[in-house]
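A, B, ... follow the sequence lines: proteins, then strands. Residue 1 opens every chain.
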Amino acid sequence: MTRNYIDAAVKAIIGPWSEWIEAEHPLESSELRRFHQATIDPARRYWDRAYAERSRYGGLVAPPALPVHAFRRLSSSLEDPFDDRVDPEFDGSGRYMRPGLPKVPVPLAGILNGGYEYEFFSYARVGDRIRCRSCYRDIVQKDAKRGPMVLVIIEDEYATGDGRPLLRSVNTQIMR
Amino acid sequence: MHYEDIEVGFEIPTISKGPLSTAHVVRWSAAMENWAPIHYDWRYATEHDGLPDVLVNGSWKQHVLIQCVNDWLGESGWLWRTSFQYRGMTVPGDTLTAWGRVTAQRPAGRYGVVELEIGLRDQKGVETTPGKATVVLPMRGGPAVPYPFDPAVLD
């Protein structure tokens, strides 16, 4: 019989929104450079300051969905995530799917990104402080050929520190 | 570009990335500080997770889709909504082509709303990332699409 992973502990984390969490540092031009170079996207609004200042954006801006990647390990974090690398179940994320949300208490080893829904309102500018709040919209179990998998549906809202909306997203993470 | 320039069935210009290598994956993982080993540890990916190879990040592929739509839109339109599912795995050696096709259009307020089917197709023709996009375009003789974008202007 297939184990039911959606127990009371899992149900308890569905629904509540997190507090607004602010990325540790404002969007940096070097961060933006590494991003658009890694995505092989040479649009001038990302690197040509004079062009960007004349544009509707008024300055260098980030690719639309960059805010979802803006939350990095804190500089004050003394716990090295690589210490878990000796754990054969180490998945690189430690089950923290968003900075403001609790871990998903499901003991499945693998995590895959299932997809996104986005609604865009504006782009983050260099110097913007990026804030995010999140909730687990739902967590459901499905049985696949390889065994059970748990779909974690996460809703996020991103805005700048001064309250300008950036985007909304709904992301599906697949635990299996 | 204006709303009146578009009709159902119109195909936007494609963009291609690849052949992708492990170096592309590692460059992205390092830029994003994503240390999930399925993206750089071949033994973990294949033996522990049962994957065919290390995987090109879905989080990377989404930006190629968005880039394709935004390159077409230029600075006059606005990519309002998009959604996509990562259905097919992409591994080093693959080449991805992003594409889009207009499926519907309608006036909304003083602007035009255009719906597209979008996707990422690999070199074998497999659709790895099917999705949709909704963009807003100015009407000929109408106001520019406002930035920041407020969906209320479409009411």
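Side-chain N/O atoms of A:E155 and A:S134 include no donor and acceptor closer than 3.5 Å. Judged by distance alone, the side chains of A:T160 and A:D162 do bring a donor and an acceptor atom under 3.5 Å apart.
For a residue to count as touching a neighbouring chain, one of its non-hydrogen atoms must lie under 4.5 Å from one of that chain's; by this rule B:Y147 touches chain A with the side chain only. Neither the backbone nor the side chain of A:I174 comes within contact range of chain B, judged by heavy atoms closer than 4.5 Å. In this structure, the portion of B:P151 lying under 4.5 Å from any heavy atom of chain A is its side chain and not its backbone. Proximity to chain B (any heavy atom under 4.5 Å) is shown, for A:T39, by both the backbone and the side chain. Looking at A:R176, the atoms closer than 4.5 Å to chain B (heavy atoms on both sides) all sit in the side chain, from C-beta outward.
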For this session: Apply side-chain contact (heavy atoms from CB on, under 4.5 Å) to A:Q173 and A:L112, showing your working.
Result: CA-CA 6 Å; A:Q173 296 282 335; A:L112 292 173; over 6 Å; no

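Scanning both residues, A:A65 and A:F120, for their nearest heavy atoms gives N-CE2, 4.0 Å. When all heavy atoms of A:P148 and A:Y5 are compared, the closest pair comes out as CG-CE1, 3.8 Å.
Within 6.0 Å of CD in B:E33 there are more than 12 heavy atoms belonging to other residues, nucleotides or ligands. Heavy-atom neighbours of A:R73 CZ from other residues, nucleotides or ligands within 6.0 Å: above the threshold of 12.
Within residues 56-81 of chain B, the residues that have a heavy atom under 4.5 Å from a heavy atom of chain A are B:S59, B:W60, B:Q62, B:H63, B:I66, B:Q67, B:N70, B:G74, B:E75, B:S76, B:G77, B:W78, B:L79, B:W80, B:R81, listed by number. The contact list for residues 8-24 of chain B toward chain A, using heavy atoms and a distance under 4.5 Å, reads B:K17, B:H24 by residue number.
Between A:R72 and A:E31 a salt bridge is recorded (basic side-chain N to carboxylate O distance below 4.0 Å). Here A:D156 pairs with A:R98 in a salt bridge; the nearest charged N to carboxylate O distance falls below 4.0 Å. In this structure, A:R164 pairs ionically with A:D128, as a charged nitrogen and a carboxylate oxygen lie closer than 4.0 Å.
Here B:Y111 and B:Y3 keep their ring centres 6.0 angstrom or further from each other.
Under the 30°/60° scheme for interplanar angles, the aromatic rings of B:W35 and B:Y40 are found to stand perpendicular.
The greatest number of non-hydrogen atom pairs below 4.5 Å with chain B, out of A:H69, A:Q37, A:E117, A:R34, is found for A:H69.
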